[in-house]
Amino acid sequence: MSAARTCTSPAAAHCACGGDGQTSMVRRTIHSAGPATTVSRTASVLLHGPALPEEGYGHVFAGGPGAVLAYRLDDDTVRVTIDIPLSPLRSTDLRSYVQRVYSRFLPGTLAGPLSTALERKTVQWAANRVRLRTFHGRGPYALVGDAVGTCHPLTASGLTIGLRDAECLARTEDVAAHGRRRRAAVRAHEHLAAAMHRIFCDPGRTSGDLRRSMYAVLRASGSERERERERMMRLLCAEELGPLPLTGAVLHVAGHALREQLVTGRCCTTWRTSVRACGDYLSWLRWMSRSPGHGWGG
């Protein structure tokens, strides 16, 4: 929704604050930017009765062409959301498509009920759109939350970033200063969202190696690994604002993946294979250094 309010800033300037979502009317009124980029679609299904592998936790299942998220809503209901790549797939083909390319990566307690729910066509669809957070308002008009821009929902950061937008606006002297601060604050998180989408959805070998390395870092014990795990969780929770923590986390995961290949001998059969493996990781890191708006889908 959008609301007019008086800014509680030192200048006590009056402003209209638009927090009315991706299709913000306030944004369209004051800015002529084009539409956001659609990077995938999400199919959402409610399942009644199944058990989750680890109750009390959200679950992300990787390995298919998109991530599958499952979490409990109440004692009897689990919501499953499936990230579907952009394709000419029709809704009538969804059940067979999910069975063919997703079900083998899901536990049996979810795969069967999911197939039944898809057969009943009780599916809700949403487009996953990306718009870089470069415009936060003009003059007396300010934007917060998804009205500014959006990342892929895989990071589940929309509400957190929206609340921090509002907090920044309340403490800032004018809309322009608010925009400068928030652009700097969320730039690393935009890169993180693009990287998370690629690491879960890209079928390439390098992305798979990095995904396994990320899991290993998150699961490892020891004080050093615990510090790394805490840093990665702070990044996911949008608590780290600068680019250095993200760069450090990415280099740590990439270094772990390369060490694993060297130890297991996967890339040591010939020197050409070793050089190629290093080049693949460097390409991934170069992709990470680009604007997140130019890398969606790999």
Side-chain angles (χ1 to χ4, degrees), residues 1-3 16-44 58 60 65-69 71 79 81-87 124-138 141-169 175 178-202 234-243 246 287-288 290-298:
M1 58 181 287
S2 61
C17 178
D20 47 344
Q22 294 186 43
T23 58
S24 170
M25 183 180 298
V26 178
R27 181 188 177 95
R28 293 199 304 270
T29 301
I30 62 176
H31 192 54
S32 59
T37 301
T38 301
V39 296
S40 63
R41 295 179 295 164
T42 291
S44 177
V60 178
V68 178
L69 171 66
Y71 55 95
R79 173 174 284 146
T81 63
I82 310 166
D83 190 79
I84 306 289
L86 294 179
S87 70
Q124 292 182 316
W125 287 91
N128 298 321
R129 298 187 177 95
V130 173
R131 175 185 282 120
L132 296 185
R133 296 171 57 84
T134 57
F135 181 76
H136 290 74
R138 178 186 297 120
Y141 303 100
L143 301 173
V144 298
D146 286 354
V148 180
T150 52
C151 298
H152 192 281
L154 184 61
T155 56
S157 59
L159 182 59
T160 299
I161 289 178
L163 290 172
R164 291 187 173 171
D165 283 345
E167 181 183 41
C168 178
L169 181 62
V175 172
H178 160 70
R180 288 192 297 271
R181 292 177 183 177
R182 292 306 294 158
R183 279 193 295 274
V186 302
R187 190 170 297 128
H189 194 79
E190 289 178 319
H191 281 274
L192 174 65
M196 290 294 291
H197 183 261
R198 182 176 179 183
I199 208 169
F200 277 112
C201 303
D202 181 11
R234 288 196 303 271
L235 286 165
L236 286 170
C237 294
E239 294 179 357
E240 293 284 3
L241 302 182
L246 176 61
W287 175 85
M288 273 291 296
R290 297 163 58 192
S291 167
H294 295 92
W296 287 94

Checklist entry - Is it the case that more than 12 heavy atoms not belonging to Glu239 sit under 6.0 Å from its CD atom? => result yes
Next on the checklist: Which residue is it: Val186, Val144, Thr150? I am looking for the one with a side chain to side chain contact (heavy atoms under 4.5 Å, CB included) to Ile161.
Outcome noted: Val186
Checklist outcome for this item: Tightest non-hydrogen contact, residues Arg181 and Cys168, listed as CB-SG, 4.0 Å
Item to check | Closest heavy-atom pair and its distance - Val26, Gly18 | outcome: CG2-CA, 3.8 Å
Next on the checklist: A side-chain contact here means heavy atoms from C-beta on lying under 4.5 Å apart; do Arg41 and Leu86 qualify?
Outcome noted: yes
Next on the checklist: Are there over 12 heavy-atom neighbours, none belonging to Tyr141, within less than 6.0 Å of that residue's OH?
Outcome noted: no
Checklist entry - What is the ring orientation for His31 with Phe135, classed by angle as parallel under 30°, tilted 30 to 60°, or perpendicular over 60°? => result parallel
Checklist entry - Is there side-chain contact between Met196 and Leu236, with heavy atoms separated by less than 4.5 Å? => result yes
Checklist entry - If you look at every heavy atom in Leu246 and His191, which pair is closest and at what distance? => result CD2-CB, 3.7 Å
Item to check | Main-chain N/O of Val148 paired with Arg133 side-chain donor or acceptor, under 3.5 Å | outcome: no
Checklist entry - Quick check: does any side chain N or O of Ser24 sit under 3.5 Å from a backbone N or O of Asp20, one acting as donor and the other as acceptor? => result no
Item to check | Straight-line distance of Leu235 CG to Thr155 OG1, nearest 0.5 Å | outcome: 11.5 Å
Checklist entry - Can you name the nearest heavy-atom pair linking Arg164 to Cys237, along with the distance? => result NH1-O, 4.1 Å
Checklist entry - Step by step, would you call His197 with Asn128 a side chain to side chain donor-acceptor pair (under 3.5 Å)? => result CA-CA 11 Å; His197 183 261; Asn128 298 321; over 6 Å; no
Checklist entry - Where do Leu69 and Arg79 land on the side chain to side chain contact (heavy atoms under 4.5 Å, CB included) test, with the steps shown first? => result CA-CA 8 Å; Leu69 171 66; Arg79 173 174 284 146; over 6 Å; no
Checklist entry - Can you name the closest pair of heavy atoms from Cys201 and Gly66 and give their distance? => result SG-CA, 3.6 Å
Item to check | Backbone of Gly145 reached by a side-chain donor or acceptor of Asp165 within 3.5 Å | outcome: yes
Checklist entry - Any idea which heavy atoms bring Cys151 and Val130 closest together, and the distance? => result C-CG2, 4.4 Å
